[in-house]
Amino acid sequence: MQERYEPAAVEKAAQDHWEQHRSFVASEDAGREKYYCLSMFPYPSGRLHMGHVRNYTIGDVLARFMRMQGRNVLQPMGWDAFGLPAENAAIANGVPPAKWTRDNIDYMRRQLRSLGFAIDWQRELATCDADYYHWNQWMFLRMLESGVAYRKTGVVNWDPVDKTVLANEQVIDGRGWRTGAPVEKREIPMYYLGITRYAQELLSALDGLQEWPERVRIMQANWIGRSEGVELSFPYDGDTRSLIGTDGQLKVFTTRADTLFGVTFVAVSAEHPLATAAAARDPKLRAFVDECRHGSTMEADIALAPKRGMPTGLHVKHPFTGQPVEVWVANYVLMAYGEGAVMGVPAHDERDFEFAHKHGIAIPTVVVPGSGAYDAVGETWQAEYGEYGKLINSGEFSGLGSAAAIDAIAAALELRDLGRKRVQWRLRDWGISRQRYWGCPIPLIHCDKCGVVPVPDDQLPVVLPENLVPDGSGNPLQRCAEFLHASCPKCGSDARRETDTMDTFVDSSWYFLRYASADAKGGPVDARADYWLPVDQYIGGIEHAILHLLYSRFWTRVMRDLSLVKISEPFSRLLTQGMVLNHIYYRAPASGRREYFNPEQVQPTFDASNQRVGGVSLVDNQPVEYGGLGTMSKSKGNGVDPQTLLDKYGADTLRMFTMFTAPPEQTLEWSEEAVSGQFRFLRRLWKAIHDHVQAGGPVAGIARTFDRAASSDGVRALRHKTHQTLSKVTVDIGKRRTFNTAISAVMELLNAVAAYSEQGDAAHAVRQEALEIAVLALSPIVPHITHELWHALGHAGAVIDEHWPEPDPDALTQSVVELIVQVNGKLRGRVQLAAGADRDTALAAAMADPTVVRFVEGKPVRKAIHVPDKLVNLVV
RNA sequence: GCGGGCGUGGCGAAAUCGGUAGACGCAGCAGACUUAAAAUCUGCUUCCCAUUUAGGGAGUGCCGGUUCGAUUCCGGCCGUCCGCACCA
């Protein structure tokens, strides 16, 4: 064994061993319990970032730990390879997205390998491979057949200068990212997936996901947004009827049908048909409607905007009283929720209250609290106005409580065919059409005679041409004759291929299923998926808490209903890892953009209480401002390239740092000093084993039976520490997922070994055992160095093939324990006692402690608490 | 506005079921080794009082409650981060 720890050589040797022994190739084995450990696959952006390292290290530690526990482990990896950045890179460099993407994959795959992740690379997939997206297309066609997928017009962002559709992230402050031109809204036909059909199931099943973080479940429940209420109709009056041209009703949805008699106006969104009709005959209203439609699309801005509105001059009739109610256009009504229209009840809804005050509309009270705290609403809004109570001035319903009134009003409306109870969802169907090149083609053909015709299964996949270079204007597929041209599968005449591609969230909604049957030919998956699924542990960023995880839950159910899989929930257990943060330094010139400085190039400055307040750039020696801690990002210039660290310290140090510095769900603060601290620890571990082996000669021959009675106190204490450490690490990794405390425990063990100075065979044996446990316990976290150290400790086999050891119960028991002694709850002393000492013995020992005596002396003991083998508390 | 999390030394954090607050590590200080530096090793390192020893007091954002005992449970407040945001 070498005296110095040299990570490069150690890591190469370990990786070669795993490679040669195909250690991570997984195969189905019905006789063994499986463990499917999955980390969210990366977008191949170019290089790994620290977030990837953290994510994949967490997964790898669990995979390796479970492997040692005897589970049949699958840990696959792939690439979320379609998407906008590849097109942007193409525009910038003139390289086809396919080449850029595949080059990035090659580089990042090498990086993942050099980090030593226990990945089964035989199952690797990239979503841009036709073998993969073939099945996106196939499943889309099945959904089209079953009606889950359907066509409807949708609104897109249109850049009038580049004449192209923009993704939301390409719209910055309402303008196109490249041209700066104000973005327009356009309606075009698009395809939707009916996720709302599954809304109730997706919501109810959240209760079963007890191994998911609660906040993810709450976020999903809020996103699905179930609300129970009443849909009701206000019939048009004569004037409105003649303007619209048909008899009709204005439909609204409300959760507060009990306030129906307080309606003094009805408000519709600017996109509502009534608004359009009224605007056609009123130029002022038309100007207002246009303004609302073009207003900021930032939802936070909308929420803060004042309640603006204009009357349409149109009226509808109250469903019970028949009284005319005026229709207004209001900027706070959303077309996309409910019916795009609301009944205005100013006395009992804060927004309606503000609106009515502003526009001089009456505010009659129709619900009062049971206590009679008020009988009419005042000038300023009070929260109690929105509460349930007892109805007044509500015709036949007066006197009822709110809940009963809602039932009665709904029943009465139903009799008149003017309304009914129903559930409204916030969740909307998923529009998957993207007017982009680098994505999975939607398998449809447009024929002048037959209309939209699905591509037959035997002509799948519709292959995306990979040699196109987008230039920022439009979708290059529309200029690619060989892709565009097709013959109609129905009538055979010349036809045009659909050029829209699918949202990349489609690709990531089922990739975890494909890993489980990576080379299945006849369908997206085969029976092997039934063995591996569901994923036992999924690990990824909190940023995917809603969309990706919800879409995957939906897609899995669709596949279930197509009899492709047997499960409903894809991920049994979810861990959302925290972000990686670093300091932010910047200069803010009087005019122009902030300039950011890489923290490595800044000498920080601190105030009197040691708080970071600024810094000096090492480049020009001028001061820079401190911007706090923030997620590592390109735009803030505070990223750290893991490759640099890998080259400098090796994979084990990097893995160790990400696992030790914070628990996995919390944010992780970058610190190069902490990294070098982890490197120092590994070096100390190396040296400890080196010295041990040198001192003791060949160690394999040591007999390791410990006779408790014959052992010295030192041997017993070190054995106790060793097995205590083992049981802590087992729980911390296996149950609590607190890798940081697991590492701390091993550090303590190593400190104990260093402090243990006894010599002789028994001492050498107990030291050997301690070091072996330390190596085994750390091996999931730092697999390379432990691979080498396991051999150094005298073992012929590889540490990865070792079984996770069980703590020795005999070593864990202690014959003498220390009790703490409190007086009135304050720590006053400690006493050594035989384990299991009874109350009287413990109290007697406690009273004998000199410090305790000083505090108890002369005062009667009123009460004494005894927690066996733990503490005594004397109340005086 | 609504929902959720978090608040502990100079810093990252630990305390797992209500029982020793600050494990482990970083940074810092002192010492050893060295011609010197680095590396390494040893010791100290929450604050205040006392310091010759022994010790004593306070302390987990703030105020209060429950308890023999609260970082932990309960109520209220403050700060901070995240998510959603005119959802009818």
Side-chain angles (χ1 to χ4, degrees), chain A residues 213-219 221-223 225-227 229 252-256 259 267 269 298-307 330-334 336-345 349-352 354-355 383 424-427 542-543 545-546 578-579 606 609-612 629 657 660-663 665-678 680-681 683-684 687 728 731-732 735-736 738 740-748 750-751 754 818-830 851 854 862-867 870-876:
Chain A
E214 193 190 9
R215 68 168 169 157
V216 173
R217 283 183 281 138
I218 291 169
M219 280 160 77
N222 290 342
W223 187 261
R226 184 179 203 273
S227 86
V252 303
F253 175 79
T254 180
T255 53
R256 292 298 304 274
T259 64
S269 123
M298 288 288 293
E299 276 158 341
D301 294 346
I302 296 171
L304 297 170
K307 307 276 172 286
N331 66 345
Y332 67 89
V333 182
L334 305 175
Y337 186 80
E339 304 296 334
V342 299
M343 62 183 208
V345 186
D349 180 279
E350 185 170 3
R351 291 155 303 172
D352 298 345
E354 190 190 324
F355 189 82
Q424 173 68 40
W425 302 94
R426 205 192 83 104
L427 181 69
I542 185 71
E543 65 274 18
I546 299 175
M579 312 233 204
F606 298 89
S609 54
N610 242 321
Q611 300 303 308
R612 199 175 288 245
L629 282 165
F657 164 74
F660 176 69
T661 309
E665 311 233 63
Q666 269 179 48
T667 55
L668 173 68
E669 280 179 39
W670 169 252
S671 152
E672 169 116 26
E673 290 83 6
V675 174
S676 60
Q678 299 312 301
R680 268 201 302 270
F681 171 76
R683 211 158 44 187
R684 237 178 11 246
K687 186 155 188 306
K728 176 162 175 62
V731 171
D732 284 357
K735 296 262 181 344
R736 297 176 66 212
T738 52
N740 53 331
T741 53
I743 294 171
S744 297
V746 181
M747 287 174 166
E748 283 187 58
L750 200 68
N751 290 343
E818 183 182 79
L819 271 74
I820 58 157
V821 184
Q822 296 178 331
V823 178
N824 290 344
K826 284 202 165 65
L827 178 68
R828 295 301 177 193
R830 300 149 197 277
T851 316
R854 276 202 296 130
R862 290 213 332 263
K863 193 170 177 182
I865 316 281
H866 172 234
V867 182
K870 275 213 134 154
L871 94 164
V872 170
N873 187 13
L874 305 168
V875 186
V876 298

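Within every chain, numbering begins at 1; the chains are lettered A, B, ... in the order of the sequence lines, protein sequences first and strands thereafter.
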| field | Among A:Gln822, A:Arg828, A:Lys863, side-chain contact (heavy atoms from CB on, under 4.5 Å) partner for A:Asn873 | value | A:Gln822

| Which one is paired to B:G43, where only Watson-Crick or G-U wobble pairs with both distances under 3.5 angstrom count? | B:C29

| request: In whole angstrom, give the distance that lies between atom CZ of A:Arg862 and atom C1' of B:G69. | output: 13 Å

| task | Identify which nucleotide among B:C86, B:U40, B:A13 has an atom closest to any side-chain atom of A:Leu334, counting heavy atoms from C-beta outward. | result | B:C86

| task | Return the value, rounded to whole Å, for the distance between atom CD of A:Glu673 and atom C1' of B:C26. | result | 7 Å

| field | hbond_proxy A:Gln822 side chain to B:G19 base (donor-acceptor, 3.5 Å cutoff) | value | yes

| Which value, in whole Å, describes the distance between the C1' atoms of nucleotides B:U60 and B:U72? | 10 Å

| field | Nucleotide opposite B:G3 in a Watson-Crick or G-U pair, distances under 3.5 Å | value | B:C82

| said: With rounding to the nearest 0.5 angstrom, report the OH to CZ distance, A:Tyr337 to A:Arg426. | reply: 9.0 Å

| task | For the side chain of A:Arg736, starting at C-beta, report the closest nucleotide among B:A14, B:U16, B:G19. | result | B:U16

| query | Does the B:U40 base have a donor-acceptor partner in the side chain of A:Arg684 within less than 3.5 Å? | reply | no

| request: Under a 3.5 Å limit for both distances, which nucleotide forms a Watson-Crick or G-U wobble pair with B:U71, could you say? | output: none

| task | Measure the CG-CZ distance between A:Leu750 and A:Phe681 for me, rounded to the nearest 0.5 Å. | result | 5.0 Å

| task | Give me the one residue out of A:Asp349, A:Asp352, A:Thr254 that meets side-chain contact (heavy atoms from CB on, under 4.5 Å) with A:Met343. | result | A:Thr254

| request: Output yes when a side-chain donor or acceptor of A:Thr738 lies under 3.5 Å from a complementary backbone atom of A:Asn740, and no otherwise. | output: no

| If you check the A:Thr851 side chain, which of B:A13, B:U20, B:G56 turns out closest? | B:G56

| note | Here the distance between atom P of B:A13 and atom CG of A:Leu668, to the nearest Å, is 9 Å

| Within less than 4.0 Å of OP1 or OP2 of B:C68, is there a side-chain N or O belonging to A:Lys863? | yes

| said: Work out how far the P atom of B:U16 is from that of B:A70, and round it to whole angstrom. | reply: 16 Å

| said: Give me the distance, rounded to whole Å, that separates B:G83 from B:C74 when you measure between the P atoms they each carry. | reply: 26 Å

| Between atom CD in A:Gln678 and atom C1' in B:C11, what is the gap in whole Å? | 15 Å

| query | Can you tell me the Watson-Crick or wobble partner of B:G59, both distances under 3.5 angstrom? | reply | none

